[in-house]
Amino acid sequence: SDGDNDYAIDMSDTGFVLLAGGKGSRMKASMPKQFLELRGVPVLHHSLELFLERLPTFLKKEGKSPPPFVVLVMDPTYQPEYQPIVDRYKNQLAFANPGVERQGSVENGLSKLVELSGGQCQYAAIHDSARPLVTIQEVCHVVRDAKEYGAAVLGVPCKATIKESEDGSTVLRTIPRARLWEVHTPQVVRIDTLQRGFAKVEAENLEVTDDVSIVEALGEPVKLTLGEYTNLKITTPEDMDVAEAILRERKSAP
Ligand code: CTP
Ligand code: MG
């Protein structure tokens, strides 16, 4: 960070959808990874607390409006445990049920956001709860870019060399690394664009892996917002140790 807070931005028209509806099968734990403890609280608390407390506090201090709504996409089995938090932030925080795939969870979360906000939110910021390390600065940067370009996604240039294989065992080709970005979340998109995109994806049976690829399918621009390598996604057990170490380091920073 550069030390000043000039990245603060008005978020009165931006709602957040926090995805915590996955099963975490690759983690092979006894519960979905978003509920595992990371530095004393469940993984999903890190971003939930960011959207409901740390980001609003920062924005208000800088004279900007906080985001008005957060939708928490979570399996109904786990919702009762989180009901007290939803009650505490009533009118601001609501549940939505997950879909079978991530995309279905995004659709359900978005519908709930539209229902809650009644037109107040023009933008949806969709975040994976499996990325607990995202910072206030990254969130502000990607929302700023979405307002300028219509859609934006956090990401970083690929450090690894990526090879493509067709048969799963030999190299077909090496993709020029200079052109590759690894994308993170939040992904921030105009809600009306996302709704048009969902209609097209459904009508043409297109395969989409993330939210901005829906915007790509419409042929509309998506800004790559430079984020940080530390915004990692918790996928397998060793990721928990890395995340833990990064948080420990941050806590001890001056
Ligand atoms: N997610 C969701 N609903 C789904 C699938 C995924 O809300 N039907 C969320 C996950 O909770 C996670 C994010 O989307 O925060 C990214 O997905 P991923 O890392 O793939 O998580 P899982 O699908 O839970 O893990 P796995 O693929 O290993 O089963
Ligand atoms: Mg998955």
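This one's a predicted model, so the numbers in the text were calculated from it and none came from an experiment. Both ligands and their constituent atoms are indexed starting at 1 by order of listing.
Interface of Ala130 with ligand 1, defined as ligand atoms under 4.0 Å from a residue heavy atom, comprises 15 (O). Residue Glu101 has at least one heavy-atom neighbour below 4.0 Å for each of these atoms of ligand 1: 4 (C), 8 (N). Set against the non-hydrogen atoms of Ser129, the atoms of ligand 1 under 4.0 Å away are 15 (O). Close approach to Asp128 involves these atoms of ligand 1, each under 4.0 Å from a residue heavy atom: 13 (C), 14 (O), 15 (O), 16 (C).
Taking 4.0 Å as the cut-off, Pro32 does not count as a neighbour of ligand 1 on heavy-atom distance. At least one heavy atom of Lys33 sits less than 4.0 Å from an atom of ligand 1.
The CG atom of Asn231 sits 5.5 Å away from atom NE2 of His184, with the distance rounded to the nearest 0.5 Å. Note: Leu55 CG to Thr14 OG1 = 10.0 Å, rounded to the nearest 0.5 Å. Between the CD atom of Glu244 and the CZ atom of Arg39 there is a distance of 6.0 Å, given to the nearest 0.5 Å. Here the CD-CD distance, from Glu107 to Gln195, works out to 10.0 Å after rounding to the nearest 0.5 Å.
When heavy-atom distances to ligand 1 are checked against a 4.0 Å cut-off, Ala20 comes that close only through its backbone atoms N, CA, C and O. With a heavy-atom cut-off of 4.0 Å, Val100 touches ligand 1 through its backbone alone. Proximity of Lys233 to ligand 1, defined as any heavy-atom pair under 4.0 Å, is confined to the side chain (atoms from C-beta onward). Contacts with ligand 1 closer than 4.0 Å are made by backbone heavy atoms (N, CA, C, O) of Lys23 only, the side chain lying farther away.
Within the 4.5 Å cutoff, the side chain of Gln103 has heavy atoms near those of the Val201 side chain.
A salt bridge is defined here as a Lys NZ or Arg NE, NH1 or NH2 lying under 4.0 Å from an Asp or Glu carboxylate O, and Arg196 with Glu220 meets this definition.
For atom 4 (C) of ligand 1, the nearest protein heavy atom (residue, atom name, distance) is Ser105 OG, 3.5 Å. When hydrogens are left out, the protein atom nearest atom 11 (O) of ligand 1 is Gly22 N, 2.9 Å; that is the closest non-hydrogen contact. From the protein, the heavy atom lying nearest to atom 7 (O) of ligand 1 is Gly21 N, 2.9 Å. Nearest protein neighbour of atom 8 (N) of ligand 1, counting heavy atoms only, is Gly99 O, 3.0 Å. For atom 20 (O) of ligand 1, the nearest protein heavy atom (residue, atom name, distance) is Arg26 NH2, 3.0 Å. From the protein, the heavy atom lying nearest to atom 22 (P) of ligand 1 is Gly24 N, 3.6 Å.
Between the side chains of Gln137 and Thr135, not a single donor N or O lies within less than 3.5 Å of an accepting N or O. Of the N and O atoms on the side chains of Gln34 and Asp128, not one donor lies less than 3.5 Å from an acceptor on the other residue.
Partners of Glu101 according to the side-chain contact (heavy atoms from CB on, under 4.5 Å) rule, which considers only residues two or more places apart in sequence or in another chain, do not exist here. Partners of Tyr78 according to the ring-ring contact (aromatic ring centres under 6.0 Å, His included) rule, which considers only residues two or more places apart in sequence or in another chain, are Phe35.
Between Tyr7 and His141, the angle of the ring planes goes over 60°, which puts this pair in the perpendicular group of the 30/60° scheme.
At a distance under 4.0 Å, no protein heavy atom can be found next to atom 17 (O) of ligand 1.
Considering backbone and side-chain atoms together, Val73 places no N or O closer than 3.5 Å to any N or O of ligand 1. Of the N or O atoms in Leu19, one or more lie within a sub-3.5 Å distance of an N or O in ligand 1.
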Derivation and outcome, side-chain hydrogen bond (donor to acceptor under 3.5 Å, both in side chains), residues Asp210 and Ser213: CA-CA 6 Å; Asp210 63 6; Ser213 52; 2.7 Å; yes

